[in-house]
Amino acid sequence: MDNGGGRKVKVAAVQFACTDSPSDNIATAERLIREAHKKGANIILIQELFEGHYFCQAQREDFFKRAKPYKNNPTIQKMQEIAKELGVVLPVSFFEEANNAHYNSIAIIDADGTDLGLYRKSHIPDGPGYQEKYYFNPGDTGFKAFTTKYAKIGVAICWDQWFPETARAMALQGAEILLYPTAIGSEPQDSGLDSCEHWKRVMQGHAGANLVPLVASNRIGTEIIKTEHGDSKITFYGNSFIAGPTGEIVAIANNKEESVLVAEFDLDQIKSQRYGWGVFRDRRPDLYKVLLTLDGQMEKP
Ligand code: PUT
């Protein structure tokens, strides 16, 4: 049986503890990108908001100073140089200032250094330790698939990973690999709550349901932020991983160590497998209109 094998792509996830110094973190990201490149990686995922500590533990006006415009953004420009030199695809997560709006954004840099455009995080979490609604407007780009040198990729950000609709929307647009930069760890209000296994299983489901590989990169380390009510602390649980097209984990980091994970996939072989399994043939979008409601009611009371 011909499975149409051929187009091999190596993906990587890097994982590290952030300091609160952008130059330190950019240097660490660069070192790990170079290590991933040495291991043959073509598409390399860095964790969410890697330029500094996860400031959303607190609601502080001074933290808005961390936002930078998309255009002429020095971190993105630096990553464009690295991408071009190494011939690798780099999604670059950053806190975006757009006039009076702010977004949790990611610029997709192709292997020749070209900036392919922006995705702005759509689902913005709120709650103890993760008070993102204070900082970020809900993204207005919609879900996207970006055509890079090595593959068509779908990139969404952290809390987006809990929504199967996001993964499906990217896969429907032809995304062959899903990537999720992340910042998640302990819950300051409940020391008994550890979401790590839940977090992995939900994304493994997206890989399996859409028959695409999936890459998740999460930070490690303990970060303490001064808030209006005293200090807040999160220990980020790492566990960055790469899943294959049936949701199987093929590479995984632990919750403590800096890591560079690499896995190779044959995208043509996976395409055959996806087509053969039939889930995209058997979809019934005509029956899914209820998904466009918040309350499940097609007719309003
Ligand atoms: N990154 C957001 C995670 C929220 C966990 N409660």
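For ligands, and for the atoms within them, numbers begin at 1 and follow the listed sequence.
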Identify, for atom 4 (C) of ligand 1, the protein heavy atom at the shortest distance, and state residue, atom and that distance.
Y130 CG, 3.6 Å

Should you measure from each heavy atom of I184, which atoms of ligand 1 turn up under 4.0 Å away?
3 (C)

Would you call the rings of W199 and F241 parallel, tilted or perpendicular if under 30° counts as parallel and over 60° as perpendicular?
perpendicular

Under-4.0 Å salt bridge between R31 and E258
yes

Atom 1 (N) of ligand 1 - nearest protein heavy atom and its distance:
C158 SG, 2.9 Å

With heavy-atom distances below 4.0 Å as the criterion, list the atoms of ligand 1 near A183.
1 (N)

Can you tell whether the side chains of K38 and E35 come within less than 4.0 Å, N to carboxylate O?
no

How far is atom 6 (N) of ligand 1 from the closest protein heavy atom, and which atom is that?
E187 OE2, 3.1 Å

Quick one: does NZ or CZ of R120 land under 6.0 Å from the six-membered ring centre of Y103, within 45 degrees of the ring axis?
yes

Taking all non-hydrogen atoms of both residues, which atom of E223 and which atom of Q57 are closest, and how far apart?
O-NE2, 3.0 Å

